[in-house]
Amino acid sequence: MRNILIIGGGAAGFFAAINIAQQNPDDQVTILEKTNKWLQKVKISGGGRCNVTNHRSKPSDLVNYYPRGAKKLYKSFERFTTTDMVAWLEAHGVETHIEADLRMFPISNSSQTIIDCFVKASNDHGVLIQRNANVTELRQMSDLRWEVTTLDEQLIADKLVICTGSSPHFWRKLQAMGFKIANPVPSLFTFNIEDDRLQGLSGISFSNCSIKIASTKLEESGPLLITHWGLSGPAILKLSAHGARELAVMSYKFDVMINFLGYTTYEETRDLLISIRAESPKKNMSNILPELPKRYWLSLLRHCEIDTEMKMGDLGKKAINKLTEELFQAKFSVSGKSTFKEEFVTCGGVELSEVNMETMESRRFPNLYLSGEVLNIDALTGGFNFQACWTSSWIISRSV
Ligand SMILES: Cc1cc2nc3c(=O)[nH]c(=O)nc-3n(C[C@H](O)[C@H](O)[C@H](O)COP(=O)(O)OP(=O)(O)OC[C@H]3O[C@@H](n4cnc5c(N)ncnc54)[C@H](O)[C@@H]3O)c2cc1C
């Protein structure tokens with residue numbers, strides 16, 4: 001009987017433990033979890049609903065959602081993709097449903113369903129779960145087994161699986177052992193903006209804007225949402241993920257330029273206003289642009305000091321130019337970030353060059369495997385972060 005220790009009782013740790021135990025019924029698999037609760041992030045994930053995976057399943061599609069890890073994950077997804085996870089859940093009694101944007105959730109819309117499933121499967125396959133087991137030291141012995149020290153005891157492992165998530169403490173430990181660690185910085189956050197144009201408009205959304213970050217090549221498009229603190233929505237979250245490193249270097253102080261209507265040039269946007277003026281000169285200014293949420297348009301008029309009761313025909317060249325600027329490349333100053341409550345992750349972690357992606361084993365240390373957020377892999381929102389955990393942990397179960 002081999003002793004297999006999993007460090008970390010999160011999504012990656014549980015999925016590795018269950019599948020390893022299922023594959024190797026003669027081995028003893030034990031999860032060592034630092035806190036007195038397991039699967040805490042699964043519990044709060046997706047606003048308590050757990051966006052467990054995504055309906056997109058082709059590796060070539062999936063990799064587009066990973067700002068870090070895309071290239072290396074391609075082959076991994078060929079082996080265990082989102083549909084495999086859905087089938088796994090179904091085989092373990094969990095039905096899932098697909099939302100319009102292709103995110104997938106348990107049909108119960110409760111993350112507790114996933115937790116109950118994982119805990120039951122662990123018990124069914126004889127996985128031991130030790131809580132309050134904070135791993136403080138790792139040492140490889142001369143026979144290549146591992147000596148693992150927790151606050152209370154010393155254990156010996158034939159195979160060691162590290163699933164400690166975004167623990168700075170554990171990353172420092174791994175770095176001291178020689179692992180290359182990409183500097184961890186936050187990903188998936190919203191932008192803090194104090195601006196009279198957004199004042200009192202929290203909750204208003206735009207269906208498709210294009211947003212650029214000044215002095216960078218970062219540009220994304222998609223829905224945008226005004227919040228109490230500034231701007232959020234898919235376009236902002238994509239920018240925060242793709243720009244995680246650059247924006248950290250800028251200390252989260254930068255300007256964004258927003259194209260609200262999506263026209264490709266300034267001239268096209270201005271022509272729209274000019275043609276409305278020509279066609280409907282008697283129209284009240286407050287009612288001319290149904291493409292934009294009305295409350296935002298009124299706020300823009302106030303910002304540009306244009307009387308909302310004025311007729312479109314009375315709009316002068318200067319005012320047209322000012323409004324065009326506001327619609328085509330409105331500049332907002334970002335000063336800080338806020339946590340997106342639905343999902344946030346860390347960009348950074350153990351460099352993928354340290355890992356043989358076919359086995360998820362460390363290239364530096366035999367019998368040591370890594371999965372989940374401890375690795376330098378992270379994704380956009382949509383169930384992709386969990387999928388990286390499921391895929392890597394499943395591969396480990398086939399290689400130990
Ligand atoms: C609010 C929120 C919502 C999210 N929602 C979603 C979502 O809906 N869909 C999605 O795909 N992703 C979501 N994510 C991201 C997802 O939760 C993570 O990608 C995923 O949980 C990473 O799993 P993990 O097992 O690698 O790490 P974790 O879940 O962080 O687990 C690591 C575990 O290791 C333990 N540990 C750390 N150090 C030690 C040690 N020294 N000894 C023993 N144990 C240790 C920790 O206590 C922890 O339990 C969300 C994240 C957040 C914060």
Side-chain angles (χ1 to χ4, degrees), residues 5-18 30-54 56 62 65-66 68-69 82 85 96 99 101-106 109-111 114-115 118 129-138 148-153 155 160-174 184 186-189 237 241 338-350 360 369-393 396:
L5 292 183
I6 317 277
I7 309 180
F14 264 79
F15 203 65
I18 296 163
T30 306
I31 298 175
L32 302 173
E33 167 52 46
K34 177 173 77 174
T35 67
N36 67 354
K37 285 194 186 122
W38 47 67
L39 296 167
Q40 287 190 82
K41 273 198 192 167
V42 172
K43 178 79 184 160
I44 56 169
S45 66
R49 295 199 300 139
C50 186
N51 177 194
V52 68
T53 188
N54 195 281
R56 293 171 183 84
L62 282 178
Y65 294 86
Y66 292 82
R68 266 74 45 187
T82 52
M85 186 57 192
T96 48
E99 303 217 324
D101 58 6
L102 304 184
R103 291 181 304 160
M104 296 191 74
F105 294 84
N109 275 325
S110 165
S111 55
I114 304 294
I115 297 175
F118 282 7
I129 310 168
Q130 286 192 24
R131 290 180 290 177
N132 303 312
N134 185 358
V135 174
T136 53
E137 291 303 330
L138 303 177
V148 176
T149 309
T150 70
L151 288 179
D152 302 321
E153 59 184 336
L155 302 154
L160 189 60
V161 185
I162 298 186
C163 302
T164 43
S166 54
S167 157
H169 184 73
F170 218 84
W171 274 324
R172 278 197 295 276
K173 192 165 295 307
L174 293 172
S187 180
L188 299 179
F189 48 83
L237 294 171
S338 289
T339 308
F340 175 58
K341 300 285 185 308
E342 290 274 300
E343 180 172 352
F344 49 88
V345 283
T346 305
C347 145
V350 175
M360 301 313 290
Y369 302 77
L370 299 113
S371 173
E373 213 172 319
V374 69
L375 293 167
N376 186 20
I377 293 175
D378 64 89
L380 305 183
T381 58
F384 304 107
N385 280 301
F386 277 143
Q387 187 58 44
C389 296
W390 316 141
T391 296
S392 305
S393 291
I396 293 176

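Ligands are counted one by one from 1 in listed order, and the atoms in each one are counted from 1 as well. In this text the structure is predicted, and so the values were computed from the model without any measurement.
- Of all the heavy atoms in Ala379 and Leu188, the pair that sits closest is O-CD1, 3.7 Å.
- The protein heavy-atom contact nearest to atom 15 (C) of ligand 1 is Val345 CG1, 3.6 Å.
- In terms of protein heavy-atom proximity, atom 31 (O) of ligand 1 is closest to Gly10 CA, 3.4 Å.
- No part of His169 comes within 4.0 Å of ligand 1, judged by heavy-atom distances.
- Gln387 contributes atom CD, which lies 14.0 Å from atom OH of Tyr65 (distance to the nearest 0.5 angstrom).
- Against a heavy-atom cut-off of under 4.0 Å, Gly372 is close to the following atoms of ligand 1: 26 (O).
- When all heavy atoms are compared, the tightest approach of Ala388 to Ile377 is CB-CG2, 3.9 Å.
- Looking at Ser392, Gly46, Ser111, it is Gly46 that brings a heavy atom closest to atom 8 (O) of ligand 1.
- Residue, atom and distance of the protein heavy atom nearest to atom 20 (C) of ligand 1 are Phe386 CE2, 3.7 Å.
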- Task: Apply side-chain contact (heavy atoms from CB on, under 4.5 Å) to the pair Met360 and Leu375, showing each step before the final yes or no.
- Result: CA-CA 10 Å; Met360 301 313 290; Leu375 293 167; 3.6 Å; yes

- For Leu174 and Ile162, run side-chain contact (heavy atoms from CB on, under 4.5 Å): C-alpha distance rounded to whole Å, both residues' side-chain angles, the deciding distance at 0.1 Å, then the answer. CA-CA 10 Å; Leu174 293 172; Ile162 298 186; 3.9 Å; yes

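- Listed by atom number, the atoms of ligand 1 under 4.0 Å from Glu342 heavy atoms are 2 (C), 3 (C), 4 (C), 5 (N).
- For Cys50, no nitrogen or oxygen atom sits less than 3.5 Å from a nitrogen or oxygen atom of ligand 1, counting backbone and side chain alike.
- Using a 4.0 Å cut-off to heavy atoms of Cys389, the atoms of ligand 1 that qualify are 22 (C), 23 (O).
- Looking from atom 47 (O) of ligand 1 to the surrounding protein, the closest heavy atom is Glu33 OE2, 2.7 Å.
- With hydrogens and angles disregarded, no donor-acceptor distance shorter than 3.5 Å links the side chain of Thr164 to the backbone of Ser167.
- Heavy atoms from both the backbone and the side chain of Ala12 come within less than 4.0 Å of ligand 1.
- Note that CG of Leu39 is 8.0 Å distant from CD1 of Ile129, once rounded to the nearest 0.5 Å.
- Shortest contact from atom 51 (C) of ligand 1 to any protein heavy atom: Phe344 O, 3.2 Å.
- Selection from Val135, Thr164, Leu138, Thr35 by nearest heavy atom to atom 41 (N) of ligand 1 gives Val135.
- Those atoms of ligand 1 that come under 4.0 Å of a heavy atom in Ala133, given as number and element, are 42 (N), 43 (C).
- A heavy-atom distance below 4.5 Å is found between the side chains of Trp171 and Pro184.
- Close contacts of ligand 1 with Cys163, meaning ligand atoms under 4.0 Å from a residue heavy atom, involve 32 (C), 33 (C), 34 (O).
- Asn132 is not listed as a side-chain neighbour of Lys34, based on a closest heavy-atom distance of 4.5 Å or more.
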- Query: Between Val135 and Phe170, does a side-chain contact (heavy atoms from CB on, under 4.5 Å) hold up when you go through it step by step?
  - Reply: CA-CA 9 Å; Val135 174; Phe170 218 84; 4.1 Å; yes

- Task: For side chain to side chain donor-acceptor pair (under 3.5 Å), just list the numbers for Gln40 and Thr35, CA-CA rounded to whole Å, side-chain angles, deciding distance to a tenth of an Å, and then say yes or no.
- Result: CA-CA 10 Å; Gln40 287 190 82; Thr35 67; 3.3 Å; yes

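- Among Thr346, Leu32, Asn51, Thr339, the residue whose heavy atom sits closest to atom 9 (N) of ligand 1 is Asn51.
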- Message: Checking Trp38 against Ile31 for the side-chain contact (heavy atoms from CB on, under 4.5 Å) test, could you report, in this order, the C-alpha distance in whole Å, the side-chain angles of both residues, the deciding distance, and whether it holds?
- Response: CA-CA 10 Å; Trp38 47 67; Ile31 298 175; over 6 Å; no

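- Close to ligand 1: Lys341, with a non-hydrogen atom less than 4.0 angstrom away.
- Residue contacts with ligand 1 for Ile7 involve side-chain atoms from C-beta outward but no N, CA, C or O (heavy atoms, distance under 4.0 Å).
- Atom 44 (N) of ligand 1 has as its closest protein heavy atom Lys34 N, 3.0 Å.
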- Task: Begin from the C-alpha positions of Ser371 and Ser393 and carry the test side chain to side chain donor-acceptor pair (under 3.5 Å) through to its verdict.
- Result: CA-CA 6 Å; Ser371 173; Ser393 291; 2.8 Å; yes

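- Aromatic ring pairs are classed by plane angle as parallel below 30°, tilted from 30° to 60° and perpendicular above 60°; the pair Trp390 and Phe118 is perpendicular.
- Contacts of Thr381 with ligand 1, taken as heavy-atom pairs under 4.0 Å, are absent altogether.
- Within the listing of ligand 1, atoms 40 (C), 41 (N), 42 (N) sit less than 4.0 angstrom from a heavy atom of Asn134.
- Not one N or O of Ser371 is nearer than 3.5 Å to an N or O of ligand 1, by distance alone.
- Looking at Lys43, Arg49, Glu343, Met104 and measuring to atom 6 (C) of ligand 1, the nearest heavy atom belongs to Glu343.
- Close contacts between ligand 1 and Lys41 involve ligand atoms 17 (O), 21 (O), 29 (O), 30 (O) [criterion: under 4.0 Å to a heavy atom].
- Among protein heavy atoms, atom 27 (O) of ligand 1 sits closest to Gly165 CA, 3.4 Å.
- By the 4.0 Å heavy-atom criterion, Gln40 is excluded from the residues contacting ligand 1.
- For ligand 1, the atoms sitting less than 4.0 Å from at least one non-hydrogen atom of Ser45 are 3 (C), 4 (C), 5 (N), 6 (C), 7 (C), 8 (O), numbered in the order shown with element in parentheses.
- Using a 4.0 Å cut-off between heavy atoms, Phe170 contacts ligand 1 through its side chain alone, with no backbone atom that close.
- One finds the SG atom of Cys163 at 12.5 Å from the OH atom of Tyr369 (value rounded to the nearest 0.5 Å).
- Note that CD of Gln130 is 9.0 Å distant from CG of Asp152, once rounded to the nearest 0.5 Å.
- Which of Glu373, Arg131, Lys37 comes nearest to atom 26 (O) of ligand 1 through a heavy atom is settled by distance: it is Glu373.
- The nearest protein atom to atom 34 (O) of ligand 1, hydrogens excluded, is given as Gly8 CA, 3.2 Å; this is a heavy-atom distance.
- Ion pair Glu342/Arg49 not flagged as a salt bridge, since none of the NZ, NE, NH1 or NH2 atoms sits closer than 4.0 Å to an Asp/Glu carboxylate oxygen.
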